[in-house]
Structure formats: C-alpha cells, structure tokens
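Treat the numbers as computed from the prediction; the structure is a model and nothing was measured. Start at 1 with the first residue, then count along the sequence. Heavy-atom basis, side chains included; hydrogens, waters and symmetry copies ignored.
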Amino acid sequence: MDALTQVAGYWMDLTGIFAFAMSGAFVAVRKNFGVFGVLLLAEGAGLGGGLFRDLVIGVVPVAFTDCGYYLMPVAAALVAFFSSRVHRHSGVLAVIDVCDTAALALFGVTGAVKALGHHFSWPSAIALGVASAVGGGILSGVLAMEVPPSLRWEQDLYVLPAVTGAGSAILLDTLGMLNGVTAPCAAVPAFGLGLLATRRRWRTPQARIWRNPFSGMRHQPAQARTASTADGEKTPRSAAPS
C-alpha cells in the first residue's frame, strides 16, 4: 500500500468517524443522556467498527495511537449536545441519514483496503469492510438499548453501501487500479446506491412464516389475524369456527 493510499484512507476514516459519531450523539441526546453519555455513545459509534477491524487484523487499534481518531467523536458530541438549533431543524434527520450512508460507504472501502494491505483474501476483506462499517452502529445501539439499524428491517438496506464500497475496493485491487486517488472514488457508487435505496424505499426481505424442524408444520405469525364473519363483524381468525 503506497503512501498516497494511506493518506487517503486516513482522511476517509476521519470523515466516516465524524459522521457515525454524530449519529450516535444524536441518539444519546434524543434519549436525554448526560454529557458524558453523549460522549460515550459518540465514541462508540465512531470508533467501534475501527476497533473491531484492527483487533481482527492483529494491530494496535489506531484510535489509541492517533489523537485525531479520538477527537473527531468528541467534536461531534459537542456539536450534538450544545447546538439546540440543530435539533429544532426539520431536516436534521435527513442530514444524519445522508451522513450515515456516506460513512458506511467510506468505512466499507477503508476496511477492505486495510484488510488487503495485510494480505487478507478478498472474501475476508469484504467481510471485514462490512463489519468495520456496521460495528459502531451495533455498539452504540447496544449502549442505547436499541436494536442496531443494521438489524432493523425498515432501515432501507442499511448495509448496502458498506457491501458496495468494499466490493468496489476489491474490484479496483483485482484490476491493479487501487491507489490513493481511486480509493475515495470507490466510495462514490456505494454512496449513490445507498441514497437511491433510501429514496426508493427499498427493503430487505422479511420472513412471514417459519417452519418448526421438530413438527414439520408451518406456523403463522404470532399476531392475531382477523376474518370477516357472516354478519360483517371482525373476529380473530384463531377464534373463528373451523
């Protein structure tokens, strides 16, 4: 990995960390956490994925060796905590969604590039890129006692930008075109595809029935379904006569 690629990866990392940290800080403010709670959630959201990536690779996490990695979440937490006007702005949620999508794309690329630099195979590099992108959101969700966005069905293909970014980096490396200029460009189609998925409200498939491996019988969802009776009233289908 050349020096230009390392510099590009560094600034992509910082940009993604700030975006993720803003998202985590806003969750903490929405839940009425104190200032230290906001700082903790911002640090977890911004650095969680990178910490997991570096531990898997087997290197000292860069968050403990570079002050910039730690200060980005601090700056994001302070902005979210003290900017009351930001919380009253009607478009703040849309801005946070765009920041999240951009960070997912950036972390997908940087995670894959760093894995390739340590001689990981391309499937492992893609997996590590995706894990580094969604790891911070999972950690902040656990701390805030919420289901992480990467696990929620209504989150408009949340993981798609990370997968696309990591795959684009792998493709560039296979073609021998991965460098400090093309690495940031690999995040552009991932970012665009993530925005398109959000705009078009694309959803991941959701299981509606499941099979019990012991009985071999199909079971319907737990919620009661209604069926029309002869007189037009609605009654639970489970209570309707067979």
Side-chain angles (χ1 to χ4, degrees), residues 5 8-9 11-27 30 45-46 48-50 53 72 76 80 86 89-116 122-123 125-141 146-175 177-208:
T5 305
W11 287 105
M12 290 170 68
D13 260 353
L14 291 184
T15 304
I17 286 170
F18 184 82
F20 274 143
M22 282 290 290
S23 179
F26 273 108
V27 170
R30 175 169 54 82
R53 175 197 64 201
M72 277 295 180
V86 173
H89 196 281
S90 59
V92 65
L93 292 179
V95 172
I96 294 301
D97 286 341
V98 171
C99 290
D100 255 356
T101 303
L104 286 164
L106 290 169
F107 264 67
V109 173
T110 57
V113 169
K114 193 162 187 178
L116 290 172
W122 69 262
I126 291 178
L128 195 57
V130 173
S132 63
V134 303
I138 291 175
L139 179 58
S140 64
E146 289 186 349
V147 178
S150 57
L151 303 180
R152 294 206 297 262
W153 171 79
E154 75 279 5
Q155 283 297 307
D156 303 304
L157 297 177
Y158 184 86
V159 184
L160 182 63
V163 175
T164 307
S168 300
I170 297 298
L171 179 61
L172 289 173
D173 183 70
T174 302
L175 297 175
M177 300 172 59
L178 184 63
N179 54 52
V181 176
T182 59
C185 295
V188 174
F191 177 63
L193 189 58
L195 290 181
L196 183 62
T198 301
R199 183 178 181 84
R200 296 293 182 88
R201 293 296 179 184
W202 291 343
R203 308 291 194 186
T204 53
Q206 187 182 32
R208 297 191 179 277

Exercise. Any idea which heavy atoms bring Gly180 and Pro184 closest together, and the distance?
Worked result: O-CD, 3.2 Å
Exercise. How long is the span from the CZ atom in Phe191 to the CG atom in Leu195, to the nearest 0.5 Å?
Worked result: 4.0 Å
Distance-only check: which donor-acceptor pairs under 3.5 Å involve side-chain atoms of residues 128-141, not counting sequence neighbours?
{"residue": "Ser132", "atom": "OG", "partner": "Phe107", "partner atom": "O", "Å": "3.4"}
{"residue": "Ser132", "atom": "OG", "partner": "Leu128", "partner atom": "O", "Å": "3.1"}
{"residue": "Ser132", "atom": "OG", "partner": "Gly129", "partner atom": "O", "Å": "2.9"}
{"residue": "Ser140", "atom": "OG", "partner": "Gly136", "partner atom": "O", "Å": "3.2"}
{"residue": "Ser140", "atom": "OG", "partner": "Gly137", "partner atom": "O", "Å": "3.1"}

For this session: Go through the steps to decide whether Arg30 and Phe26 satisfy the test side-chain contact (heavy atoms from CB on, under 4.5 Å), and finish with yes or no.
Result: CA-CA 6 Å; Arg30 175 169 54 82; Phe26 273 108; over 6 Å; no
For this session: Could you list the residues that satisfy salt bridge (Lys or Arg N to Asp or Glu O under 4.0 Å) with Asp13, not counting sequence neighbours?
Result: Arg53
Seminar exercise, completed: Closest heavy-atom pair, Gly16 versus Leu106, reported as atoms and distance to 0.1 Å, is N-CD1, 4.0 Å
Exercise. Do the side chain of Ser23 and the main chain of Ala19 share a donor and acceptor less than 3.5 angstrom apart?
Worked result: no
Seminar exercise, completed: Taken in chain and number order and not counting sequence neighbours, the residues that satisfy side chain to side chain donor-acceptor pair (under 3.5 Å) with Thr182 are Asn179
Seminar exercise, completed: Minimal heavy-atom distance between Asp100 and Phe20, with the atoms involved, is OD1-CD2, 3.4 Å
For this session: Dump the intermediate steps for side-chain contact (heavy atoms from CB on, under 4.5 Å) on Leu193 and Trp202, then the final yes or no.
Result: CA-CA 11 Å; Leu193 189 58; Trp202 291 343; 4.2 Å; yes
Please set out all donor-acceptor pairs under 3.5 angstrom arising from side-chain atoms of residues 164-175, sequence neighbours excluded.
{"residue": "Thr164", "atom": "OG1", "partner": "Leu160", "partner atom": "O", "Å": "2.9"}
{"residue": "Ser168", "atom": "OG", "partner": "Thr164", "partner atom": "O", "Å": "2.8"}
{"residue": "Thr174", "atom": "OG1", "partner": "Ile170", "partner atom": "O", "Å": "2.9"}

For this session: List in chain and number order the residues that pass side-chain contact (heavy atoms from CB on, under 4.5 Å) with Val188, two or more places apart in sequence or in another chain; answer none if no residue qualifies.
Result: none
